[in-house]
**Student:** 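Here it is: the structure, laid out below.
Note on naming: letters A, B, ... go to the chains in the order of the sequence lines (proteins, then strands), and numbering restarts at 1 for each one.
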There are 2 protein chains.
Amino acid sequence: MFKYESIAADIQNKIYSGVYQADTKLPQETALCRLYNVSRITVREALDHLVRQGLITRRRGAGTYVKPIVGENLCPRLLAMSQQFGGFTSDMKGRNVRSQVHEFTLLRAPEKVAEKLQVSNDAFVCYICRTRFVDDAPYVVEYTYMPTDFISGITQEVVSHSIYAYIEGTLKLNIKSAHRSARADLPTEQEQKWLQIKKGEMPVLEIEQTAYLDDGRIFEYSKARHRADCFTLHTVSVR
Amino acid sequence: MFKYESIAADIQNKIYSGVYQADTKLPQETALCRLYNVSRITVREALDHLVRQGLITRRRGAGTYVKPIVGENLCPRLLAMSQQFGGFTSDMKGRNVRSQVHEFTLLRAPEKVAEKLQVSNDAFVCYICRTRFVDDAPYVVEYTYMPTDFISGITQEVVSHSIYAYIEGTLKLNIKSAHRSARADLPTEQEQKWLQIKKGEMPVLEIEQTAYLDDGRIFEYSKARHRADCFTLHTVSVR
DNA sequence: CAGTGGTCTAGACCACTTC
DNA sequence: AAGTGGTCTAGACCACTGA
């Protein structure tokens, strides 16, 4: 736990608990330096983090203010989630998550997958197709491709539960970043069955993702197709 | 133009032009300090920016590497776009953008809108409903709410073209950040007509947005409902 | 062990906002 | 004019990677 991390966490708590209220000014940076007994750069690093989370705004000459956030974004859990990498199981923490594995095989990478995973065209990759349930209701169909060279030891047991927990917990690899794109689409006939969607009843939200380890290696290319009523993607952009 | 900005721009160009190639190592930070004749903190600020854009990865002890990005994310225009605030007109730069204004009125803020815009329940807000065309094909229906107190002088002329250009160009206000959420939905009957979608043919991607000025004021709450074949939302998350 | 990025200090000066 | 954040310097020491 670094200094800037604990400072960011402390300020975040004070915002969520109402010590620092919406649209009010935070102590100035030099005051925070004295409060936490650190240099200004360290305070600024902590504040930078909160700006990127969308919690505060800084105004040169005026001060640092708590953003008034309402609605879904108010919920700290939701806001944080979109910026984390726990995978589905940890996003739904505290609820009963179950996976139905439709397919779990090694196959020669299709061209697009080889390109996305940065492996050669004739390389074998691990392919997993699952429907994921929360409290016995189907939420999402995931099509996942992973390289076989350094993501090893994946078993039926692992794919029935959490791949992310296995990668970070057992393989001790660190997930660092992800590139995502979202689009709307209609479910295929197969997906209508898996997701229990009646014909024409509901679209899906497709999240295409390429995910990176902290050493830069790509460990996953996936498409997750969510029931429209089960998922919203949240993002914050700061210029 | 600050030093870190021009350094970031220079390195970005070198990546796009192939001087620094995918999966190769950038010069070390101290070498970049000498190259640009700046301190290490300044170099790091430039690199931080590129990390958040998803262009590079830093590995302690090993070096800084160019991320191998393929597909849509390869396109510098697309990657940058998702992180900018030009609005629809500037996103589609170089193409013929046209708006059909369905409604443009002042009305008392509905409860949810008042909450999102942080105005009182009986305040008047500006409401605009438009279909936006690119090269005469309908792309998106936008429902936009703005406060009337500091967003003044909006005319039929403005809403037919670019609201963002008016706000930044004429009112000289600076757009700083935006909170967005994306979900899939079916178009309403009205939207099917506006977007020229046949019944059951295609869903819409809805982007709900709250946008902030650099002084922290909220100037827009909107829902944009895109034809599914016309829009993809791109994001990069870094832990 | 050498190379490299991560964290941190203790300042300085400037640009902007607010009064 | 005073207050405040933005940019920048010239270092220091540490943690981790890879040979």
**Student:** For the pair made of CD in B/Glu5 and P in D/dC8, what is the distance, rounded to whole Å?
**Tutor:**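 Rounding to the nearest Å, CD of B/Glu5 and P of D/dC8 are 8 Å apart.
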**Student:** Is A/Arg44 close enough to C/dC8 that one of its side-chain N or O atoms is under 4.0 Å from OP1 or OP2 there?
**Tutor:**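 False: A/Arg44 side-chain N/O out of range (4.0 Å or more) of C/dC8 OP1/OP2.
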**Student:** Roughly how many Å is it from CG in A/Leu173 to P in D/dT17, rounded to a whole number?
**Tutor:**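 From A/Leu173 CG to D/dT17 P: 12 Å.
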**Student:** On the 0 to 90° scale, with breaks at 30° and 60°, tag the B/Phe231-B/His226 ring pair as parallel, tilted or perpendicular.
**Tutor:**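 Rings of B/Phe231 and B/His226: parallel, as their planes differ by under 30°.
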**Student:** Without decimals, in angstroms, what is the distance between B/Phe2 CZ and D/dT9 P?
**Tutor:**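 About 13 Å, once rounded to whole Å.
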**Student:** Nearest nucleotide by nearest heavy atom, which residue falls closer to the 5' end of DNA chain C, A/Val38 or A/Arg59?
**Tutor:**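 That would be A/Val38.
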**Student:** Which nucleotide wins on minimum distance to the side chain of B/Ile41, given the candidates C/dA10, D/dT9, C/dG6?
**Tutor:**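 Nucleotide nearest to B/Ile41's side chain: D/dT9.
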**Student:** Taking the minimum atom-to-atom distance to the side chain of B/Ala62, which one of D/dC8, C/dT17, D/dG18 wins?
**Tutor:**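 For the B/Ala62 side chain, the nearest candidate turns out to be D/dG18.
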**Student:** Check the phosphate of D/dG5 against A/Thr64, side-chain N and O only, distance under 4.0 Å to OP1 or OP2. Yes or no?
**Tutor:**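 Looking at the OP1 and OP2 atoms of D/dG5, one of them is under 4.0 Å from a side-chain N or O of A/Thr64.
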**Student:** Whole Å only: how far is the OH atom of B/Tyr65 from the P atom of C/dG3?
**Tutor:**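 Rounded to the whole Å, the gap is 15 Å.
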**Student:** Anything under 30° is parallel, anything over 60° is perpendicular, the rest tilted; go ahead and classify A/Tyr143 against A/Tyr127.
**Tutor:**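 Answer is parallel, since the angle falls under 30°.
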**Student:** Grab the CZ-C1' distance between B/Arg34 and C/dT4 for me, whole Å please.
**Tutor:**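 Roughly 13 Å, once rounded to whole Å.
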**Student:** How close or far is atom P of D/dA10 from atom CD of B/Glu45, stated in whole angstroms?
**Tutor:**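 Distance check: B/Glu45 CD to D/dA10 P gives 16 Å.
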**Student:** Contact between B/Ile167 and B/Phe219 at the side-chain level, heavy atoms closer than 4.5 Å - yes or no?
**Tutor:**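 Yes, close enough: below the 4.5 Å cut-off.
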**Student:** Are any side-chain N or O atoms of B/Arg130 and backbone N or O atoms of B/Thr144, one a donor and one an acceptor, separated by less than 3.5 Å?
**Tutor:**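 Here the side-chain-to-backbone pair does not exist.
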**Student:** Just N and O in the side chain of A/Thr42: are any of them under 4.0 Å from OP1 or OP2 of C/dT7?
**Tutor:**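 Indeed not, no polar side-chain atom of A/Thr42 lies that close.
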**Student:** Check every atom of C/dT4, D/dA10, C/dT7 against the side chain of A/Tyr4 and return the nucleotide holding the closest atom.
**Tutor:**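 Of the options given, the side chain of A/Tyr4 lies nearest C/dT7.
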**Student:** Collect all protein-nucleotide pairs involving nucleotides 12-14 of chain D in which both atoms are nitrogen or oxygen and the distance is under 3.5 Å.
**Tutor:**
{"from": "D/dA12", "atom 1": "N6", "to": "B/Arg40", "atom 2": "NH1", "distance (Å)": "3.4"}

**Student:** Which of the following nucleotides, D/dG5, C/dG5, C/dT9, is nearest to the side chain of A/Arg58?
**Tutor:**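 Per side-chain heavy atoms of A/Arg58, the pick is D/dG5.
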**Student:** Both B/Asp214 and A/Lys3 contact DNA chain C. Which one's nearest nucleotide lies toward the 5' end?
**Tutor:**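 The residue whose closest nucleotide sits nearer the 5' end is A/Lys3.
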**Student:** Send over the distance from B/Lys176 NZ to C/dC16 C1', rounded to a whole Å.
**Tutor:**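 Checked: the NZ to C1' distance equals 13 Å.
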**Student:** For the residue pair A/Thr30 / A/Arg40, report whether a side-chain donor-acceptor contact shorter than 3.5 Å exists.
**Tutor:**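 On atom types as modelled, these side chains do not qualify, holding no pair under 3.5 Å.
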**Student:** Please determine whether a side-chain nitrogen or oxygen atom of A/Lys25 lies at a distance below 4.0 Å from atom OP1 or OP2 of D/dG3.
**Tutor:**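 False: A/Lys25 side-chain N/O out of range (4.0 Å or more) of D/dG3 OP1/OP2.
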**Student:** What is the separation between atom CG on A/Asp48 and atom P on D/dG5, rounded to the nearest whole Å?
**Tutor:**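 After rounding, the reported distance stands at 13 Å.
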**Student:** Compare all side-chain heavy atoms of A/Leu173 with those of A/Ile151 and state whether any distance is below 4.5 angstrom.
**Tutor:**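 Side chain of A/Leu173 against side chain of A/Ile151, heavy atoms only: contact under 4.5 Å found.
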**Student:** Between A/Ser160 (side chain only) and A/Gln156 (backbone N and O only), is there a donor and an acceptor less than 3.5 Å apart?
**Tutor:**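 Indeed, once roles are kept as given, a pair shorter than 3.5 Å links the two residues.
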**Student:** Within a strict 4.5 Å, meaning less than it, do heavy atoms of the A/Phe124 and A/Arg108 side chains meet?
**Tutor:**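 SC-SC contact between A/Phe124 and A/Arg108 confirmed.
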